[in-house]
Amino acid sequence: MLDIKLLRNDLTGVAEQLKKRNFVLDTAQFQVLEDKRKTLQTATQDLQNERNTRSKSIGQAKAKGEDIQPLLAEVADLGDKLKTGEQDLSALQSEIDEIVMGIPNLLQDTVPAGKSEDDNVEISTWGEKTAFDFEPKDHVDLGAQNGWMDFESASKLTGSRFVVMRDGMARMHRALIQFMLDTHTTEHGYKEVYVPYMVNEDSLYGTGQLPKFAEDLFKLEGEQNYYLIPTAEVPVTNLVRDEILNADQLPMRYTAHTPCFRSEAGSYGRDTRGLIRQHQFEKVELLHFVKPEESEEALETLKRHAEIILEKLKLPYRTVVLCAGDTGFSATKTYDLEVWLPGQQAYREISSCSNMKDFQARRMQARFRNEQGKPELLHTLNGSGLAVGRTLVAVIENYQLEDGSIRVPDVLQPYMGGCTKLA
RNA sequence: GGAGAAGUGGCCGAGUGGCCGAAGGCGCUCCCCUGCUAAGGGAGUACAUGGUUUAUCCCGUGUCGAGAGUUCGAAUCUCUCCUUCUCCGCCA
């Protein structure tokens, strides 16, 4: 969430900046609620003050053995007045909170204008689009051999947008996870964490999936109100919720492999073929917790760590910076890595790296002790390093041979017992 | 799942209705003393938030696991919930 003080002091400025996102902030409504809040809060606190002062004098009088009956009579009607005041204030406060929680983050100046993904700006490319002297197949056709990728069985077991993988494909999928984690922990300085795949509502509020994006989540039945995680970002970022870290603990870098569960409501008909858009997929996530002045550079570092995975796998890709209209709710700036898929003759998103600055930290009260010894909100960043299922798609499409067999990338061979080819 | 105990500041820990935002200790910061080391003395040190402020200061409000209640007044009493620990049971 945004800083409420910023909204109070510069409401029109904030509204102006949000236009870049096509987000319309009802400033008049906010102003009215804020004015009411100010009056009501001051009045209520005055009443509380009066109650406290009087109660104190009753205590003192009683201690001296004086008659407190007259004093009690004076306070008689205070309680009711106070109660209504407190209730009204808390109702008003929730109304304001709901509005503030629904406001997206402000964008960095370097984010290009634009409405949709068509306006994203390419900033770099790596590798040549893989050339074939035959007609390359897409991953669904390649995966159909030997039952490597079996969508029919998955739909029998569960439904659409799931997959069963077998044999070498399942092994390569697992190898990718190990390879990514090992690279990040041994070469990029990340700490590996294992976290719950179900989280409570507080965690989802902390990272911003709630209250606005509940329809994207799988909620479990039962009394606990747990949700399946849509990304490791949720449990890992919430590790610092309500914590005050020492400055020397920053920067903190975590990597985690988790499955991710997404309802994909609203994406009916999109990417229905193959592995691209599933209800359940694996992801290796990268997270940084940093001091505010370090976060913009940290985004470059994090993005680079994700790029290196693609380069080690020798997969051609490009990096784009998302335009204003395509940048996610909590982010100030996002880079997407898009890998080349010969089967689709297109670049497809395989990693998304974002700097949330203090937007999540404020919701979570995630802080560190600064040089003055005062708690200060830290900045959070996260990115995929990488989405495993889509990486598998990229590997098999780019490494396919004419007979449908698939070469194993050099860096994966040690993770597959030296296997060099899936056939 | 059954029985019991407990949750207080960065940490440990006292506190059973008013003088408690909270003793004491540890840690940390500043100062003094001490010609190394070791040790000693003094002061300060929770968070959020409202008013005011560039910021501090100041004044107020809220917060002792969470929520509700009793009361003029709750860390303290009552209820519900959550979490942790111990013992028993079950179990990958």
Side-chain angles (χ1 to χ4, degrees), chain A residues 1-11 13 30-31 33-97 99-101 194-206 220 222-227 235 238-250 252 289 292 358-378:
Chain A
M1 63 194 281
L2 295 178
D3 189 351
I4 187 80
K5 283 182 186 154
L6 183 65
L7 286 165
R8 285 177 194 152
N9 295 337
D10 187 20
L11 187 58
F30 183 83
Q31 197 60 60
L33 289 173
E34 251 304 291
D35 289 345
K36 260 162 101 179
R37 187 226 98 226
K38 196 163 169 176
T39 319
L40 193 52
Q41 182 165 3
T42 316
T44 306
Q45 291 188 351
D46 283 347
L47 276 176
Q48 287 170 328
N49 186 12
E50 190 181 341
R51 177 205 59 198
N52 291 346
T53 326
R54 285 179 186 264
S55 293
K56 198 165 263 184
S57 55
I58 290 174
Q60 284 161 353
K62 206 175 173 187
K64 287 185 207 149
E66 294 168 8
D67 180 17
I68 59 170
Q69 280 312 319
L71 291 170
L72 285 180
E74 283 176 39
V75 236
D77 62 332
L78 208 58
D80 288 341
K81 264 162 74 184
L82 193 53
K83 191 164 247 177
T84 19
E86 282 171 347
Q87 278 166 356
D88 291 351
L89 182 60
S90 124
L92 186 58
Q93 196 65 61
S94 336
E95 203 176 335
I96 293 173
D97 284 349
I99 292 174
V100 175
M101 289 287 256
Y194 170 85
V195 290
Y197 303 156
M198 303 176 196
V199 292
N200 57 32
E201 287 191 336
D202 286 346
S203 294
L204 289 158
Y205 274 98
L220 298 172
E223 292 169 15
Q224 298 93 341
N225 275 333
Y226 291 163
Y227 292 79
N238 274 280
L239 286 173
V240 292
R241 168 151 57 89
D242 295 322
E243 298 288 333
I244 301 177
L245 304 174
N246 290 323
D248 61 14
Q249 290 176 273
L250 301 177
M252 207 178 251
F289 305 131
D358 60 11
F359 192 80
Q360 293 179 326
R362 183 171 296 107
R363 295 182 172 215
M364 292 190 299
Q365 285 302 303
R367 293 164 293 169
F368 71 101
R369 226 165 259 289
N370 64 20
E371 282 172 22
Q372 289 78 45
K374 290 286 162 201
E376 183 178 338
L377 294 173
L378 48 78

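Per chain, numbering begins at 1; letters A, B, ... match sequence-line order.
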Polar atom pairs between nucleotides 71-73 of chain B and protein, under 3.5 Å, N or O only, would you list them?
{"residue": "B/C72", "atom": "O2'", "partner": "A/Ser55", "partner atom": "OG", "Å": "3.0"}
{"residue": "B/G73", "atom": "O4'", "partner": "A/Ser55", "partner atom": "OG", "Å": "3.1"}

State, with a plain yes or no, whether a side-chain heavy atom of [X] is found less than 4.5 Å away from one of [Y].
X: A/Met364; Y: A/Asp242; result: no
X: A/Leu250; Y: A/Leu245; result: yes
X: A/Leu220; Y: A/Tyr227; result: no

Problem set entry | Polar pair under 3.5 Å, donor/acceptor by atom type, side chain A/Gln45, base B/G60 |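 Yes.
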Exercise. Which part of the nucleic acid, if any, lies within contact of A/Arg362, taking any heavy atom under 4.0 Å across all strands shown: a base, the sugar-phosphate backbone alone, or nothing?
Worked result: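 No contact.
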Distance test, side-chain N/O of [X] to OP1/OP2 of [N], below 4.0 Å:
X: A/Arg37; N: B/G51; answer: yes
X: A/Arg369; N: B/G27; answer: no
X: A/Asn49; N: B/G60; answer: no

Problem set entry | Whole-angstrom distance between B/A46 and B/G24, as gauged at atom P | 13 Å
Problem set entry | Span that lies between the P atom of B/A38 and that of B/C28, in whole angstrom |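 Comparing P positions in B/C28 and B/A38 gives a spacing of 13 Å.
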Exercise. Any stems for RNA chain B, made of 3 or more Watson-Crick or G-U pairs in a row, each with both distances under 3.5 Å?
Worked result: B:1-7 with B:82-88, B:10-12 with B:24-26, B:27-32 with B:40-45, B:46-51 with B:58-63, B:65-69 with B:77-81
Mind calculating the distance between [atom1] ([X]) and [atom2] ([N]) to the nearest angstrom?
X: A/Glu86; N: B/G50; atom1: CD; atom2: P; result: 17 Å
X: A/Arg8; N: B/U53; atom1: CZ; atom2: C1'; result: 15 Å
X: A/Leu47; N: B/G62; atom1: CG; atom2: C1'; result: 15 Å

For this session: With RNA chain B as reference, determine whether A/Ser57 or A/Gln48 sits nearer its 5' end, using the nearest nucleotide of each.
Result: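 Between the two, 5'-proximity favours A/Ser57.
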Exercise. Which residues pass the side chain to side chain contact (heavy atoms under 4.5 Å, CB included) test with A/Glu376, sequence neighbours left out?
Worked result: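 Per chain and number, A/Glu376 pairs via side chain to side chain contact (heavy atoms under 4.5 Å, CB included) with A/Pro292, A/Phe368, A/Asn370.
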For this session: Under the side-chain contact (heavy atoms from CB on, under 4.5 Å) rule, what do A/Glu243 and A/Arg367 come out as? Steps first, then yes or no, please.
Result: CA-CA 6 Å; A/Glu243 298 288 333; A/Arg367 293 164 293 169; over 6 Å; no
For this session: Among the candidates B/U52, B/G62, B/C47, find the nucleotide nearest to the side-chain atoms of A/Lys38.
Result: B/U52
